[in-house]
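Both counts, for ligands and for their atoms, begin at 1 and track the order of listing. Model, not experiment: these values are computed from the prediction.
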Amino acid sequence: MVTGIHTGRQATAAPVSPYAIELRGVSKAFGPVQANKDISIRVRRGTIHGIIGENGAGKSTLMSILYGFYKADAGEILIGGQPTAIPDSQAAIRAGIGMVFQHFKLVPNFTVLENIILGVEEGRLLRPSLSKARGALKQLAADYELDVDPDAVVEELSVGHQQRVEILKALYRQADILILDEPTGVLTPAEADHLFRILRGLRDQGKTVILITHKLREIMEITDEVSVMRRGTMVATVDTATTSPEHLAELMVGRKVLLRVDKVPATPGKPVLEVENLCVTDASGVQRLKNVSLQVRAGEILGIAGVAGNGQTELLQVLGGTQRATGTLRLNGADLPLSGSACNGQARRAAGVAHVPEDRHEEGLILDFTAWENVAFGYHHAPEYQKNALMMDNDALRRDTEAKIARFDVRPANCWLPAKSFSGGNQQKIVVAREIERNPDLLLVGQPTRGVDIGAIEFIHQQIVALRDAGKAVLLVSVELDEILGLSDRVIVMFDGRIMGERVAADTNERELGLMMAGMGGTP
Ligand code: ADP
Ligand code: MG
């Protein structure tokens with residue numbers, strides 16, 4: 001508990017602070033990067049307080065300072081009104097702070113119960129604390145809709161349940177203040193709804209919740225107050241009830257942003273991509289794609305929705321030529337091979353398929369190479385880049401890159417910098433510029449805005465729509481339902497390697513798609 005700080009002199013004691021947490025003038029630099037600059041924030045007790053900001057704004061750093069992972073260069077932390085030093089996470093736990101990480105820190109082959117008591121075992125004997133924990137767990141589960149089987153092995157639980165174990169773990173350590181860093185990124189919409197019910201329950205019992213997210217919708221739905229960070233600074237703290245997504249977006253980016261995708265209805269033409277009965281079995285014998293058949297027409301965007309890991313990655317790889325499959329694939333009516341040596345990324349590009357891969361670091365860029373080399377990547381055999389039979393025309397390539405960098409507003413506008421020194425959003429602009437500007441018949445695009453700032457999201461979305469309006473076919477894979485619904489003309493939901501169902505984007509909604517993503521309610 002953090003409230004037992006006023007001893008004696010009850011009658012004249014100052015009232016307990018209304019703030020669970022207060023940070024004053026907190027700064028933290030990593031080398032030349034000033035991750036947090038003179039941050040002050042007050043979090044009211046018994047509220048859900050959102051912290052929103054673009055990638056790299058400094059949210060996780062600030063919370064890591066609060067949890068004792070990083071030491072601030074300057075500033076002060078007050079817990080329940082009392083200045084408190086938090087040199088390590090044990091001190092944070094003692095101060096009543098619990099943290100649910102972006103990447104869970106559970107021991108996969110231990111049971112739920114074992115994970116929960118790990119680190120707080122009493123004495124050397126596990127057994128008494130196990131039975132005590134079992135009772136406590138039951139109570140917590142009942143109080144907060146946090147039901148998980150205490151004897152289940154963690155690695156066999158769904159991500160949503162693993163997250164509940166993380167929350168239980170914090171509550172078992174008597175956390176009064178719970179910090180969640182981007183908790184919904186790994187959840188289905190139904191799991192996210194459940195998490196929000198849990199968080200409301202915690203607040204209603206008097207606990208304080210800090211929710212870090214870059215999703216405006218979540219902030220609007222669940223928080224009482226929200227603090228906005230931009231480039232290491234705290235820009236504003238506002239009451240959620242009196243703000244709007246547009247206002248928050250403007251605070252995050254520093255200018256007005258169009259949150260909606262602006263597009264006219266599609267006018268689809270002839271089928272560009274036709275696949276039938278695609279099947280993929282991985283090296284360990286697991287079937288990743290199960291008889292997937294679909295079409296994408298000229299001038300339309302087909303969105304593939306689904307929780308990550310339900311076959312979307314394999315589908316993109318098969319279409320991009322980097323993964324073998326059985327079935328048939330036709331582009332503009334002509335058969336393309338799904339196996340053999342003629343099935344590769346180069347051949348697909350030559351046939352008119354461009355590919356913005358899901359993982360830009362693994363597949364989209366060579367991080368140590370310069371921006372201009374990356375713009376050539378995959379297309380360096382194109383005739384316009386050849387000086388003669390033996391030599392590439394590097395000057396032509398650099399000129400071309402400079403033009404693309406200007407058109408796509410890549411910052412910094414320097415084609416000699418290695419790809420790794422651009423931010424995520426600018427790296428993605430480099431990949432998107434390279435692929436879209438080849439003017440392909442079919443654009444495959446995976447998670448185009450993952451880790452990308454909302455300003456850059458607006459721009460990338462506009463480019464994808466422009467390609468559609470130029471009569472090209474687009475196949476979009478995204479785990480963000482907002483993005484799927486905003487961009488797509490038709491939507492297909494994948495679950496367990498199969499197509500669960502198909503909807504016209506304008507006639508469906510997150511709830512319906514969310515059910516299909518969980519394997520329910522589809523009509524194949
Ligand atoms: P957010 O959580 O808002 O996306 P972070 O707090 O993770 O932002 O990062 C803020 C800035 O600090 C970024 O520029 C990031 O690259 C940098 N940064 C974060 N952690 C480290 C670290 N351990 N070493 C060096 N730089 C870091
Ligand atoms: Mg973060």
Salt bridge R44-E225, side-chain N to carboxylate O under 4.0 Å: yes
Heteroatom test (N, O or S) for S60 near the Mg ion (ligand 2), limit 2.8 Å: yes
For T208, all residues meeting side chain to side chain donor-acceptor pair (under 3.5 Å), sequence neighbours excluded: none
F30 N/O to ligand 1 N/O under 3.5 Å: no
K215/E221 ion pair, N-O < 4.0 Å: no
Mode of Y70 contact toward ligand 1 - side chain, backbone, both, neither (heavy atoms, under 4.0 Å): side chain
Steps toward side-chain contact (heavy atoms from CB on, under 4.5 Å) verdict (Y144, I167): CA-CA 10 Å; Y144 302 114; I167 296 173; over 6 Å; no
All pairs passing side chain to side chain donor-acceptor pair (under 3.5 Å) where residues 404-416 contributes a residue, at least two apart: D400-K404, R407-E437, D409-R411
Ring-ring centroid check F369 F377, cutoff 6.0 Å: no
Proximal atoms of ligand 1 relative to T61 (non-hydrogen, under 4.0 Å): 5 (P), 6 (O), 9 (O), 10 (C), 19 (C)
Mode of V33 contact toward ligand 1 - side chain, backbone, both, neither (heavy atoms, under 4.0 Å): side chain
Any G58 heavy atom less than 4.0 Å to ligand 1: yes
Side chain, backbone, both or neither: E54 near ligand 1, heavy atoms under 4.0 Å: backbone
Residue S60 vicinity, atoms of ligand 1 by number, heavy atom under 4.0 Å: 1 (P), 2 (O), 6 (O), 7 (O)
Flag for E191-H161: side-chain donor and acceptor within less than 3.5 Å: no
Contact check: G56 vs ligand 1, nitrogen or oxygen atoms, below 3.5 angstrom: yes
Contacting atoms of ligand 1, where contact means under 4.0 angstrom from a heavy atom of A57: 1 (P), 3 (O), 8 (O)
